[in-house]
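First comes the structure, then the notes that go with it.
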Amino acid sequence: MYTQMMDLPGQVSKGTATAEMSAEERAFQATVDAEGKIEPRDWMPEAYRKTLLRQISQHAHSEIVGMYPEGNWISRAPSLKRKAILIAKVQDEGGHGLYLYSAAETLGQSRDQMMAALNSGKAKYSSIFNYPTLSWSDVGAIGWLVDGAAIMNQIPLCRCSYGPYARAMIRVCKEESFHQRQGFDIMLTLARGTQKQKEMAQDALNRWWWPVLQMFGPPDKDSVHSGQSAAWKIKRVSNDDLRQKFIDATVPQAELLGLTIPDPKLAWDPERGHYDIGEIDWEEFRRVVNGDGPLNRERLATRVEAYEEGQWVRDAAVAYAEKQRTRTHKEAA
Amino acid sequence: MSANEKEWPLWEVFIRSKQGLDHKHCGSLHAPDAKMAIRLARDVYTRRSEGVSIWVVPSNAITAADPSERESFVDPMADKIFRHPTFYELPDEVKHM
């Protein structure tokens, strides 16, 4: 999902058998097993801290970079109403990034360190934001599909064992459903519009469908650390299960829109009670995650530029705060 | 990013959701001073009218109990069940007390 690269090889240490656990670790695991929450100052295994820090910061980075594909359309929105909605939506994404950075900071990394990791290209964010938004219909498709996929992933995270992450996710989920609905609303308007508008909607679905399915991360058989994350109750539903849930929910919505999912192998399997799909291009996924997607370089460059151009504002705010403090001290003296 | 850059200090944010209720901790944020912290808290935590009043407190001004002392510090309170009204059995004749 927003942290899909967590599942690639070499990311996290193996789990520990109960017999090898220290007394502290056994107490920690007992709390987690009993659906208790771990709070910032509680004892936690170093690997748990590292895994969470990586996951929450990647999630935060995804929210921040996720503002760019849609941000490109704010000045080109087709009406004032759509523009106001899109601004509110993009502002929400920025807010979600802030909730998540705050949660990550409780694990002992500073905001500046996380920003530096993102800007240097060292930290990852979701592969989905490296695809371009070529037409207005892409804004609809992102809300409907990308945010729809994000909701599937984030709802189980509301019950994550780490308190600050779970609380951030609850806040995010409350706001996210507006995002999906506004996207679907755009798709619905286009699908019920002129032939040209309907073609725009279909074109967006064609381009976003497969990258969205890749958002859920590699298949369970190739997902390296799901076991440990599940034992820690960080990851509560597997990649394949979430992906299936998303497909089952989305196919009828596409039918309602009168659009065709770009997968000739898509078919309802009455025995499984689920939709079957064709083969996902995991080579494409690996390429995009590893920095070679259509827009990886551009996204990062935009991010670095925004950071550097905002430096004088941050400096001025600090200088002003210092001046005010000195003045207050002088008056007191 | 250079090492001498100054990170904005961290603030804890408390929101009163409506008149008559307590301010409740809802998260934290970075801001250069208290005034900016309040403004940013409005934008980050009350975009859907979640609050009518905001407090911000510098995070480093908060002193917290040590979670590792929970056993000796908090748990003894659980012994005193006689502090709860349900500890006392009343004859049925006493209808409300």
Side-chain angles (χ1 to χ4, degrees), chain A residues 24 27 31 37-44 87-89 91-106 109-120 163-164 167-168 170-172 174-175 178 304 307-308 311 313-325 328, chain B residues 1-18 23-51 54-75 78:
Chain A
E24 281 165 322
T31 303
K37 296 286 180 205
I38 305 300
E39 293 295 341
R41 296 172 73 226
D42 293 339
W43 186 91
M44 62 185 87
I87 291 173
K89 199 234 167 193
Q91 190 193 15
D92 272 355
E93 306 296 359
H96 296 174
L98 294 178
Y99 305 154
L100 287 160
Y101 281 129
S102 294
E105 279 174 86
T106 64
Q109 199 172 64
S110 76
R111 181 78 57 99
D112 280 358
Q113 282 173 312
M114 286 186 266
M115 280 287 139
L118 173 62
N119 292 352
S120 70
R167 291 193 287 275
I170 290 169
R171 199 169 286 126
V172 167
K174 272 188 194 162
E175 302 184 353
F178 134 62
V304 170
Y307 187 83
E308 285 174 354
Q311 187 61 52
V313 179
R314 294 191 295 277
D315 289 344
V318 170
Y320 179 77
E322 262 167 23
K323 196 170 91 182
Q324 291 301 106
R325 240 190 321 274
T328 320
Chain B
M1 193 179 304
S2 61
N4 59 13
E5 255 181 61
K6 285 179 195 146
E7 187 166 275
W8 287 357
L10 192 64
W11 303 76
E12 298 303 320
V13 180
F14 299 80
I15 306 265
R16 184 203 294 284
S17 56
K18 65 180 215 190
H23 284 78
K24 200 175 149 201
H25 182 247
C26 73
S28 56
L29 50 76
H30 288 273
D33 57 34
K35 208 169 152 188
M36 277 297 286
I38 292 266
R39 297 204 134 230
L40 294 175
R42 180 199 63 180
D43 292 346
V44 178
Y45 292 106
T46 66
R47 285 195 301 281
R48 288 170 177 76
S49 324
E50 289 93 338
I54 300 174
W55 289 350
V56 292
V57 180
S59 302
N60 60 17
I62 290 178
T63 308
D66 184 348
S68 66
E69 287 172 8
R70 201 177 293 157
E71 225 167 283
S72 58
F73 191 67
V74 182
D75 289 357

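Just the heavy atoms: all of them, side chains too, but no hydrogens, waters or symmetry mates, feed the values below. In the text below, chain A, chain B and the rest are named by the order of the sequence lines, each starting its count at 1.
- Taking 4.5 Å as the limit, every side-chain heavy atom of Glu308(A) sits out of range of all side-chain heavy atoms of Gln311(A).
- Below 4.5 Å, heavy atoms of chain A meet heavy atoms from Ala64(B), all part of residues 55-64 of chain B.
- Take Thr106(A) and apply the side chain to side chain donor-acceptor pair (under 3.5 Å) test, not counting sequence neighbours, and it matches Tyr162(A).
- For chain B, the nearby part of Tyr320(A) is the side chain; its heavy atoms alone come within less than 4.5 Å.
- Residues from residues 34-47 of chain B that place a non-hydrogen atom less than 4.5 Å from a non-hydrogen atom of chain A comprise Asp43(B), Val44(B), Tyr45(B), Arg47(B), given in numerical order.
- Neither the backbone nor the side chain of Ser68(B) comes within less than 4.5 Å of any heavy atom in chain A.
- Side-chain contact between Asp92(A) and Phe178(A) is present, with heavy atoms from C-beta onward closer than 4.5 Å.
- Looking only at distances, no side-chain donor or acceptor of Arg314(A) sits under 3.5 Å from a matching main-chain atom of Trp8(B).
- For the residue pair Asp112(A)/Ser110(A), the side-chain donor-acceptor check at 3.5 Å is not satisfied.
- In this structure a side-chain-to-backbone donor-acceptor pair under 3.5 Å is missing from Arg70(B) to Ala65(B).
- Within the 4.5 Å cutoff, the side chain of Glu39(A) has heavy atoms near those of the Pro164(A) side chain.
- Taking CD of Glu7(B) as the reference point, atom CZ of Arg111(A) lies at 7.5 Å (rounded to 0.5 Å).
- Gln324(A) does not touch chain B: none of its heavy atoms, backbone or side chain, sits under 4.5 Å away.
- Between Glu175(A) and Arg48(B) there is a salt bridge, since at least one side-chain N of the basic residue sits less than 4.0 Å from a carboxylate O of the acidic one.
- Within the 4.5 Å cutoff, no side-chain heavy atoms of Leu29(B) are placed close to those of Leu98(A).
- Using a 4.5 Å cut-off between heavy atoms, Arg167(A) makes no contact with chain B at all.
- How far CG of Asp33(B) is from CZ of Arg325(A): 8.0 Å, rounded to the nearest 0.5 Å.
- Counting only heavy atoms from C-beta outward, the side chains of Met115(A) and Tyr101(A) approach each other to under 4.5 Å.
- When the heavy atoms of residues 9-18 of chain B are compared with those of chain A, the residues falling under 4.5 Å are Leu10(B), listed by number.
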